[in-house]
Amino acid sequence: MTRPHIRAAALQFDVTMDPARNAAVIERLLAGVLADTFAVAPEGALSGYVNEAGLVSRIDQAATAAAIERIAAFCVEKRVHLVTGACLNE
């Protein structure tokens, strides 16, 4: 009997306040993973994150939305499951 297995990837990188740059780094890190891999990226990886007061006011909401759409499409194309975060002002 074969046992199921899970492929996982932990993505580590310095998250910046530039959502497009962060998305490009995520794409680069995921480029070599196999389909059906479960990956986890750092907190606020799509919106940007700094451990400072006033973080939410510094987030570019339009750029964050674009990064979310970009990474969602990339993950569908690559058949990769990604858990990541974005700070949204809703």
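The figures here come from the full heavy-atom set of this structure, side chains too, leaving out hydrogens, waters and symmetry mates.
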#### Entry: Any side-chain heavy-atom pair of Leu11 and Val40 under 4.5 Å
no

### Message
With a 4.5 Å cut-off on side-chain heavy atoms, are Phe38 and Leu82 touching?
### Response
no

### Task
Give the minimum heavy-atom separation between Cys87 and Ser47, together with the two atoms involved.
N-OG, 2.9 Å

### Distance-minimising heavy-atom pair for Pro19 and Ala63
CB-O, 3.6 Å

### Message
Take a 6.0 Å sphere around CG of Leu34 and say whether it holds more than 12 heavy atoms from other residues, nucleotides or ligands.
### Response
yes

### Task
Sequence neighbours left out, what pairs pass salt bridge (Lys or Arg N to Asp or Glu O under 4.0 Å) with at least one residue falling in residues 10-30?
Glu27-Arg70

Listed pairs under 3.5 Å, donor-acceptor, residues 48-57 side chains, sequence neighbours left out:
residue	atom	partner	partner atom	Å
Glu52	OE1	Arg58	NH1	2.8
Ser57	OG	Gly54	O	2.7

For a quick test of your reading: what N or O donor-acceptor pairs under 3.5 Å do the side chains of residues 72-81 make, sequence neighbours left out?
residue	atom	partner	partner atom	Å
Lys78	NZ	Ala31	O	2.8
Lys78	NZ	Val33	O	3.4
Arg79	NH2	Asp36	OD1	3.2
Arg79	NH2	Asp36	OD2	2.9

### Message
Out of the candidates Ile68, Leu88, Asn22, only one should pair with Leu46 under the side-chain contact (heavy atoms from CB on, under 4.5 Å) rule; please name it.
### Response
Ile68

### Listed partners of Ala45 passing side chain to side chain contact (heavy atoms under 4.5 Å, CB included), at least two apart
Phe13, Val15, Ile26, Ala41, Pro42, Thr84

